[in-house]
Amino acid sequence: MIAFVSGPVAALAPDSAVVEVGGIGISVQCTPGTLAALRMGQPARLATSLVVREDSLTLYGFADDDERGTFVLLQTASGVGPRLAQAMLAVHTPDALRRAIATGDEKALTAVPGIGKRGAQKLLLELKDRLGEPLGTGTGIGTPVSTGWREQLHAALIGLGYATREAEEAVSAVAPQAEAEEGAPQVGRLLKAALQTLNRAR
């Protein structure tokens, strides 16, 4: 198993990063929040989880070991594959997910694309004794992004499967919230708000 990759960031895409390790470019699938903290040419260290399929080897990257551990635990629930587990971590931090499971917060789970009401109820039952208790008291919704929050948010929504038009409308809907925030807008917080507007529109 590849536990982590460390090296300069060679490329960034809406849903992945390439990290140069010993002269080899390793492609790593990441959430928008993780990608937001990476910079081209700057050193990075990502905790990783290798998912092996008959026709592919996919490396998923995370900001820390807690995120990776949560990613692995989420997949122990029936019907949850790596893509859905990553989508859950794109919307909620590990602590926010632990809090949602511990408190039976069905609404928090249905904010994730691909999880309906019945699926959320099933996840609450299956994951109740697996994720553990929340570690902190923070809201756990986002990494500060210094520039280009619109582009980051738009790319994140496209990466989660929304159409270009839907993504554009959601970005416009949360623009007032972003402009009202002090300092740099937080892409994780805005992503959560954008997903709520999209769920209401459907």
Side-chain angles (χ1 to χ4, degrees), residues 1-22 24-53 56-103 105 108-109 111-112 114-115 123-124 126-146 152 156 159-160 186-189 191-192:
M1 178 183 170
I2 301 172
F4 70 90
V5 294
S6 180
V9 178
L12 288 170
D15 61 354
S16 64
V18 175
V19 178
E20 186 179 335
V21 181
I24 299 172
I26 306 290
S27 179
V28 188
Q29 298 289 309
C30 302
T31 65
T34 299
L35 290 169
L38 303 179
R39 296 291 179 268
M40 285 286 292
Q42 297 297 310
R45 185 184 190 280
L46 297 172
T48 56
S49 176
L50 181 64
V51 176
V52 180
R53 294 285 184 264
S56 67
L57 295 172
T58 307
L59 197 61
Y60 290 84
F62 309 93
D64 54 38
D65 292 338
D66 187 24
E67 241 184 43
R68 179 184 58 195
T70 303
F71 174 78
V72 173
L73 284 172
L74 289 172
Q75 292 175 76
T76 63
S78 58
V80 178
R83 287 286 183 185
L84 184 56
Q86 189 181 48
M88 293 171 77
L89 285 166
V91 179
H92 301 294
T93 62
D95 227 28
L97 282 171
R98 283 190 283 265
R99 194 174 301 108
I101 298 297
T103 60
D105 189 350
L109 295 183
V112 178
I115 299 180
L123 286 172
L124 287 173
E126 289 195 34
L127 294 172
K128 190 173 183 181
D129 299 319
R130 299 182 195 177
L131 289 190
E133 292 297 315
L135 303 178
T137 56
T139 57
I141 46 176
T143 303
V145 181
S146 57
Q152 289 274 353
L160 288 172
Q186 292 187 321
V187 72
R189 190 192 305 275
L191 178 60
K192 189 173 183 180

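Values below: all heavy atoms of this structure, side chains included; hydrogens, waters and symmetry mates excluded. Sequential numbering from 1 along the given sequence is applied to the chain's residues.
- A donor-acceptor pair under 3.5 Å is absent between the side-chain atoms of Gln42 and the main chain of Leu38, judged by distance alone.
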| message | side-chain contact (heavy atoms from CB on, under 4.5 Å) for Thr34 and Leu46? Distances and angles first, verdict last. | response | CA-CA 9 Å; Thr34 299; Leu46 297 172; 3.7 Å; yes

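- Looking at Val18 and Val28, their side chains never come closer than 4.5 Å, going by heavy atoms from C-beta outward.
- Not one N or O on the side chain of Ser56 forms a donor-acceptor pair closer than 3.5 Å with the backbone of Arg53.
- Across Thr70 and Pro94, no two heavy atoms sit closer than the pair OG1-CB, 3.3 Å.
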| query | So Arg130 and Thr76, side-chain contact (heavy atoms from CB on, under 4.5 Å) or not? Walk me through it. | reply | CA-CA 9 Å; Arg130 299 182 195 177; Thr76 63; 2.9 Å; yes

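- Distance OG/Ser6 to CD/Glu20: 11.5 Å, rounded to 0.5 Å.
- Of all heavy-atom pairs spanning Ala47 and Asp65, the tightest one is CB-OD1, 3.5 Å.
- To the nearest 0.5 Å, the span separating CD1 on Ile115 from CG on Leu84 amounts to 4.5 Å.
- Residues Gln75 and Ala85 come closest through the heavy atom pair CG-CB, 4.0 Å.
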| Stepwise, does the side-chain contact (heavy atoms from CB on, under 4.5 Å) test hold for Asp15 with Gln29? | CA-CA 6 Å; Asp15 61 354; Gln29 298 289 309; 3.8 Å; yes

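- Between Val5 and Leu59, some side-chain heavy-atom pair lies under the 4.5 Å cut-off.
- Geometrically, Arg68 does not engage Tyr60 in a cation-pi contact, judged by NZ or CZ lying under 6.0 Å from the ring centre and within 45° of the ring axis.
- Inspection of the Glu126 and Ser78 side chains reveals an N or O donor paired with an N or O acceptor under 3.5 Å.
- No donor-acceptor pair under 3.5 Å is formed between the side chain of Arg83 and the backbone N or O of Val80.
- The two residues Ala17 and Leu35 make their nearest non-hydrogen contact at CB-CD2, 3.9 Å.
- Atom CE of residue Met40 and atom CG of residue Leu12 lie 6.0 Å apart, to the nearest 0.5 angstrom.
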| task | Using the side-chain contact (heavy atoms from CB on, under 4.5 Å) rule, take Thr31 and Met88 through it: C-alpha gap first, then chi angles, then the decisive distance, then the call. | result | CA-CA 9 Å; Thr31 65; Met88 293 171 77; over 6 Å; no

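- Side-chain contact check for Leu89 versus Phe71: some heavy-atom pair is nearer than 4.5 Å.
- Smallest separation of non-hydrogen atoms from Ala90 and Leu191: O-CD2, 3.1 Å.
- Within the model, atoms CD1 of Ile101 and NZ of Lys128 stand 10.5 Å from one another, a figure rounded to the nearest 0.5 Å.
- Nearest heavy-atom pair, Ser49 versus Val72, reported as atom, atom and distance to 0.1 Å: OG-CG2, 4.1 Å.
- Between the SG atom in Cys30 and the CD atom in Glu67 there is a gap of 9.0 Å [rounded to 0.5 Å].
- Counting heavy atoms from C-beta on, the side chains of Val52 and Leu50 come closer than 4.5 Å.
- In this structure, the separation between CG on Leu74 and CG on Leu97 is 6.0 Å, given to the nearest 0.5 Å.
- Residues Asp64 and Arg45 are not paired through a salt bridge, judged by the lack of any N-O separation under 4.0 Å between the basic side chain and the carboxylate.
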